[in-house]
Amino acid sequence: MAVSKPGTRRARTPSGRSRLAADDWAQAALVALGDGGLSAVAIERLATHLGTTKGSFYWHFPNRRALIDAALARWEQRRTEAVIASMEREPDPRRRLRRLLVEGMEEAPVDRTEVALLANAHDPVVAPALRRVTQRRIDYLAGLFEQLGLPPADAHRRGLLAYTVYLGFVQLAHAAPGALPAEPNERQRFADGALSALLPPA
């Protein structure tokens, strides 16, 4: 489990041990959450994995809840805001919609975090972040459909349908992967078929 970016150097303590940043802990917690759910986010276990002590954790966070909040904020930034920022470089909303669906399907089989969070949707820590991310994603999709000339109500309905397709793919990728297209070109054809049903005529 990589918790630091290649090419970066952490500060070292007088003993020579790497000094972990808060982001290192948040990333490790996010990976642990994806691997084993919320119960896997255990401070002592993470400290052992990171090769440090619990003192490093308490230097950055007052408690486990703060660590989980930081991990969720990292997930929200990397899997929603950064994705949207990347999509905005594409001027054509049709192409943006296709990229979102295709890249989401490519990521689904290897991204366990989304499934773990959905499984904990009623947890009081996870629920607000999940609601916020869900609304942000649906609103962005609806905005793309509006850019294609659809009225707001219809655009929202299609955005919700597109997000439902994505979530269904994510769930099946982990619950019944054999039911899904296996090859990248097959997934792209699947995405194109879904979009043909969702998009208005060109």
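Starting from 1, each residue takes its place in the sequence as its number. For clarity, every value in this text was computed on a predicted model and none was experimentally measured.
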Within this structure, what is the [atom1]-[atom2] distance for the pair [X] and [Y], rounded to the nearest 0.5 Å?
X    : Y    : atom1 : atom2 : value
R112 : D35  : CZ    : CG    : 4.5 Å
L72  : L130 : CG    : CG    : 9.0 Å
L148 : E146 : CG    : CD    : 10.0 Å
L97  : R158 : CG    : CZ    : 11.0 Å
Q188 : E103 : CD    : CD    : 10.0 Å
T53  : Y58  : OG1   : OH    : 11.0 Å

Cationic N near anionic O, under 4.0 Å, [X] to [Y]:
X    : Y    : result
D69  : R65  : yes
E90  : R99  : no
D192 : R189 : no
E76  : R136 : no

Is the backbone of [Y] close enough, under 3.5 Å, to the side chain of [X] for a donor and an acceptor to pair up by distance?
X    : Y    : answer
E186 : E183 : yes
S56  : T52  : no
H174 : V110 : no
N120 : L117 : no
T134 : R131 : no
S86  : A82  : no
R64  : V41  : yes

Could you report the tightest heavy-atom contact between [X] and [Y], atom names first, then the distance?
X    : Y    : value
P181 : F169 : CD-CE1, 4.2 Å
P93  : P91  : CD-O, 3.3 Å
A116 : L33  : CB-O, 3.4 Å
A26  : A71  : O-CB, 3.6 Å
L46  : A32  : CD2-CB, 3.9 Å
V165 : A194 : CG1-CB, 4.3 Å

### Message
Evaluate D139 against Q135 for side-chain hydrogen bond (donor to acceptor under 3.5 Å, both in side chains), listing each step before the verdict.
### Response
CA-CA 6 Å; D139 287 347; Q135 193 60 56; 2.8 Å; yes

### Side-chain H-bond candidate by donor/acceptor type, E88 with Y140, under 3.5 Å
yes

### Message
Checking side-chain polar atoms at under 3.5 Å, does R78 have a donor or acceptor matched by the opposite partner on Q27?
### Response
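Indeed, the side chains of R78 and Q27 share at least one donor-acceptor pair under 3.5 Å.
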
Out of curiosity, does [Y] fall in the hydrophobic cluster containing [X] (side-chain heavy atoms, cut-off under 4.5 Å, transitive links)?
X    : Y    : result
L100 : I84  : yes
L20  : W59  : no
V102 : F145 : no

### Task
Side-chain contact test, heavy atoms from C-beta onward, threshold under 4.5 Å: evaluate it for E114 versus L167 and give yes or no.
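Yes - at least one pair of side-chain heavy atoms lies under 4.5 Å apart.
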
### Message
Would you say that V170 contacts D111 through its side chain, given a criterion of any heavy-atom pair below 4.5 Å between the two side chains?
### Response
no

### Query
Any idea how W25 and F57 line up, ring-wise: parallel (<30°), tilted (30 to 60°), or perpendicular (>60°)?
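W25 and F57: perpendicular rings.
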
### Task
Take R137 and R79, measure what side-chain contact (heavy atoms from CB on, under 4.5 Å) needs, and give me the verdict at the end.
CA-CA 10 Å; R137 292 172 175 179; R79 297 293 295 135; 3.9 Å; yes

